[in-house]
Amino acid sequence: MNRSPQKRSFRPNIRPLPAWAMRDLLRRPMETFFLILVLSLIITVSATALLLTEALSTTAQRILADAPSLVVRKVGPGGWQPILAGPAVSSALAVPGVTEARPRLWGVVNGPDGPATVVGADSQMHRLASASAIRRLPEKGEAVAGSGIQAESDGKLNLIGTVPMAFTVIDTFSSQADITAHDIVLLHPDDARHILGLPQGYASDLAVYVYHAEEEAAILPDLSTAFDAPVRITTRSQTSGYYSAAFSRRGGIAFLSIGSTLFSMLLIVWFVTRERTGRRHEIGLLKSLGWTTGNIVSLQLYRALLIGLPAAALGVLISYGLVFAPGVKWPGYLLFGWETSGPALYLDPGGAIIILLELTALVLLPFIAAVLFPALRHAAAAPFDLIESGHP
Amino acid sequence: MRELSCHQLCFSRPAPGGRTVGILDRIDTQFTAGSMSVISGATGAGKSTLVYLLCGLLRPTGGEIRADNAPVSRWVSAHKDLWRKDVGIVFQHSHLINDLTAFENVILPLIVRHKDMKEIRSAGLTSLERLDVGHLAGKPAGKLSGGERQKVATARALCTSPGLLLADEPTAHQDDPSAAHILELFAAHARNGNIVIVVAHDRRVLSGKMADRRFRLSGGNMDQIK
Amino acid sequence: MIWHPFSLAIVMVDALALLFVVKAAATSVRVAADWSPGSSTKQQITLETAAETGAMSARAAFGLLIGSTLVLVVAVTNVFPGIVPGAMCGTVVLQATGGNGTQAFMFKLLCLGIFYLWYILDRLDRTSPDAPLARMNAKMLLLAAPFAILAVFATFNTLNTLNSLDAHTPVDCCAVVYDQFTGTRGVAHARGPSDHQLVWSFGILTFLLICLGSVGVFWRKKRSGLISGTAAIFSLAWGTISALFLVRVLSAYTYEVLHHHCPWCLFLPEHHYVGFALFGLLGLAVIQAPTAYVCHWAGLAHPGLAEKSDRLARRSLAAMIFFILVFTVAAAGPAISWRMRYGVWMS
C-alpha cells in the first residue's frame, strides 16, 4: 500500500529527533499502547496511595491549625484523671504568654456499633452552629451525632458510660466534617458530665491557647510547674508531627505492599523494551549513516519520555479522581479499611509537588533507566558488528 | 573533504587455529575531491572491506587512512561516528529498514543533522526524485524490488550531499538506463567538489567513461589502471 | 520501622545513581588498565566503545546524584520536619540523624565536585579525536566512585535513623540553634571569627578572587597555572568564609531576627526557598577555580589540548567572577535593603 509522505504528520517546528522517536514508537503501536497502559496502571496505584496519605496529612494539619496550642491532662498512678477546672484555669492563665484556658468535657463511651466519643458542648461550640456545621447545640436529652454513629429507627441513641443513657438525635454532622466528627456525639454539658462520671467542677482536660505558635514549646516548662499535681502537656506541633508521621508511614506501608507488583510490572517493561537482534542491526545501520552514540541514546530517551510522560499524566489524573472525587470508596477501604465514603480531603501545592517528585523518583526514573540501560549497551557497540549481527 | 588517502593500509582477519588471513596489504593511494574513482576486483578480493575501512566502520590492522591529512583511522570510535556525518554509503545489500517507507529510509541520515522537519522532507523527496523513485516514497521498503531498494539506498547516501561518497556495487540490480543514470549522478556529485569512490565488478561501471580514475584490487594489492 | 515515601524516593534515586556509578567504574577500571590509543586490536575497539558507554553512565550518575542531593535537601528542610517531633527546619532533622545526615551531605558534595571536574575534562577530551585524557578521566571516575558509594550509604543511614524516630519524643528546634550560643557549643563559637572579622575576611577574599580571576581571564597564558592554582585555594577558603558570613551575619536580614544563625531556615517557603539559590551559587562559585586549575594541568600534560584547555580555564575563571558577584549581590541584598529602610545595621 502506497502512503504519501506529504500526508505524514511531521510538523515544521517539531525537532526532528523527538518527531522520529514518535514515529519509531508508532512502528509497534500495540507494544507502545501496552507500555503506556502498564505504566499508567503502576502510576495510578502508586499515586493513589501517596495522594491519599498526603491529602490526609494536609487535611489533618488544617484541622490542627484550629486546635488548642497546648492540652493539659492530669495524670495519676491509675492513668488520666479529671482535672479541677477552676484552679486549673487560674494556674494556666497565670503563666505569661497564655491568652486563654478552657476546660473541656470529653471521653469515650460504648455506642450502638462500638466506641463513641462524647463531647460536652461548651460556649465555644456556638461557632459550630454559626458555621452551619450543625443547626443548633443540643439541649438536655438531645444529641448531635457523627455519620459513624447509627441511631435507632425512632431517632433514639443509646450510650453506655458510667451509666446507660438514651438521647434524641436532633442533627448529624455534615460529611465534610467526617475526618474529625465521624464517631463524635455532641451532648449538653450536664449530660456529658453525667455519662462520663465527671463530678461537678471537673473537666477531662484543659485547652490552653498562646499568642504566638512559636511559644508553644517555650511555654511548656512554665506551664508544667504551674500545676500542683503532675500533668502531661501536649503541644500542637507534637500532635501535628505525630499525625504527619503516622499518615506518611501508612503511605510507606501502602507503597511497600504494592512494591512487589510495581517491580514485576517494571520487569515487564524492561522485557518489552529490551533491544532485539533486529533492533541491533538498525542501530548499527543508523551509526553507519552518521548517527552518534549520543544521538541513539537521545532517541531512546525521547522514546521513554514519550511513553512515560503521557502515562504519568494519565495515572496522576486517574488517581486524583479516585482520591478527591466524591463517592469513590475503594482506595480508602484498601488503605485504611474505611467502610463508608472518605472525608473531604485537601492538598496544598507543596504537597502536590512532593507527590510528583516521589512519583518521578519511584516510577518514572526506574522506567527510564530500564529503557536506557540496554540501549546504552548496544548504542556504543561498533557499528560494523551491529550491522553484521542482523544481516539477513 | 579535499583528500582521502591510504598509507601502507593493511587489513587481516583472524582465522581458525590462531592464524590471520591477510585481505589488504600495504595499499598506498589517494582520492581527491572532484574526482570519481572506480575500484574493481574479483569476488572476495576485499572491495567491500576497503569500503568499510574507508568510511571508518572497520579499523585497519596496519597503516592508516587520512582525511585532509588527519589520521581518521586512528581516531577513537566516538570521533569517527562524528566524522561519518560527512560520509555517504551505498551498501552492497542496501540495508534498508523494511517496515519503514522508502521516504523514511532516505531521511534517516538527515534526522541528526539538525535540520527542521520541513527541510528534511524537502531534501528526502528531492533525493528520491533525482533517482526517479519519487513515486515510491510512501511504499514500505520491504515491498520494493532489488533494483528499487538499491535506488532508495543511493538516494539515502546522496541526500546529505556528503563530502565522501562510497558505493558498493550500486548498479548490481539495475537495468542499463538506470545504471547509467546512477553513474551520472555520482559523476555530478564528484564534479561538485566531493570524493566519489565506486566499488564494482559490473562491466557497465568498468567500461563506462564516467570514472576519472580506475583501480584494480588483486591479492591484497591495489593497482591504478587509469 | 516503616519508611516515609519521600525516603523511598531518595533511596530509589540513589540506587539508580549507584547502578550507573558501578557501570562507569567497571569500565574505568578496564580503561585505566588497558587503554592503548591508536591500536587496532579488538580489545581496544571494545574498550573505546565501552569507554563511551561508561562516560554516558557517569553522566547519568552525575545527573542522578545532583537530583538526589537536591531531593535530600528538600526532604531535610521541608518534608522531614513534619515527622521529626519539634523540628521546624533541617537543623533538628540533621541533629536527629546523629551525624549521618551531615556525613551524607559531605560525601555527596565531595562526590559532585569530583564528578563536575570529570565532566569538564570529559568535554575537553571529546574535542580531541584521539581522546588523550581517557585514562585520566577513568582514574577520576574511580576516585569519585568510593565517595558515591559512601554518600549513598550515609544517605541510607540518615533515612533509616529518621524513619526509626519515635514521633512522640519532643525536641525543640529553636533550642538547638540557641543552644549553640548559650550552651557548651558557644565556647567553640567564641573562639571562631567575630562578625566583624567575617565581614572583612569575606570582603578581602572576594576582592582577591575577583582580581585573580580577572588576571587569569585577561592575562593570556602567562603563569596561568599559578593564578588558577592560587585562585583554587582561595576559593575554598572563600567558600567556607562565605557560608559562615551568610549564616552568621547576612541571614539575620532575611529572617529579620537577630541571632537566629540557622542555615536550614533559608530553605523554607516563608523565606522563599532562598537557600537553594544562595548555596547553589556558592557551590558553583567555589568549583570554578579548581576547574580552571585542572584544565590548565590537562593542557600541560597534553600539549595538543593546550589551546582548548586554556580557553576552558579562562572561561571557568570568568564564571567564578560572575558567580561570586551574583552571590554577593543576592546574599547582601536583604542587608542593604534593611540598611536603606532603617538606616542601621543589625548587630
Side-chain angles (χ1 to χ4, degrees), chain A residues 46 49-50 53-54 57 61 214 216-218 220 233-235 237-256 259 292-294 297 349-351 353-355 357-363 365-366 368-369 372-373 375-385, chain C residues 1-17 19-20 23 27 42 45-46 48-57 59-60 64 67-68 70-71 74-75 78-88 126 162-163 165-175 178 269:
Chain A
S46 328
L50 297 173
T53 48
E54 179 67 29
S57 181
Q61 299 298 331
E214 291 79 9
E216 285 168 13
L220 202 138
I233 303 171
T234 317
T235 65
S237 62
Q238 284 167 19
T239 315
S240 142
Y242 170 73
Y243 277 120
S244 260
F247 285 133
S248 61
R249 281 171 189 182
R250 227 179 244 253
I253 295 173
F255 197 86
L256 283 179
T292 61
T293 306
V297 172
I353 290 170
I354 283 171
I355 298 287
L357 275 176
E358 286 170 352
L359 284 175
T360 306
L362 290 168
V363 187
L365 282 179
I368 291 171
L372 275 190
F373 233 75
L376 265 180
R377 201 171 63 240
H378 296 303
F384 184 76
D385 294 343
Chain C
M1 177 203 68
I2 298 299
W3 283 41
H4 189 287
F6 212 77
S7 308
L8 295 174
I10 297 169
V11 169
M12 180 61 87
V13 180
D14 268 352
L16 288 174
L19 201 68
F20 282 106
K23 187 169 168 56
T27 312
K42 184 80 183 165
I45 294 169
T46 312
E48 283 175 15
T49 54
E52 207 179 350
T53 324
M56 284 183 179
S57 301
R59 279 171 186 232
L64 286 167
S68 83
L70 274 176
V71 170
V74 172
N78 286 281
V79 179
F80 292 146
I83 60 166
V84 175
M88 286 186 224
R126 280 167 191 275
L162 286 175
N163 287 285
L165 280 181
D166 176 7
H168 295 90
T169 310
V171 183
D172 182 10
C173 173
C174 290
Y178 293 121

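Everything numeric in this text was worked out from a predicted model, so none of it was measured. Chain A is the first sequence line, chain B the second, and so forth, proteins listed ahead of strands; every chain is numbered from 1.
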_I need the minimum non-hydrogen distance between C/Met12 and A/Ala361, along with the two atoms involved._
CG-O, 3.0 Å
*Heavy atoms, side chains only, cut-off 4.5 Å: are C/Leu16 and A/Phe373 in contact?*
no
_Donor-acceptor pair, distance only, cut-off 3.5 Å: does the side chain of A/Glu358 make one with the backbone of C/Phe6?_
yes
*Side chain, backbone, both or neither: which part of C/Leu19 has an atom under 4.5 Å from a heavy atom of chain A?*
both
*Between CG of A/Leu376 and NZ of C/Lys23, what distance do you get to the nearest 0.5 Å?*
6.0 Å
*Specify the closest pair of heavy atoms between C/Leu64 and A/Leu365, including all atoms of both residues, with the distance to one decimal.*
CD2-CD1, 4.0 Å
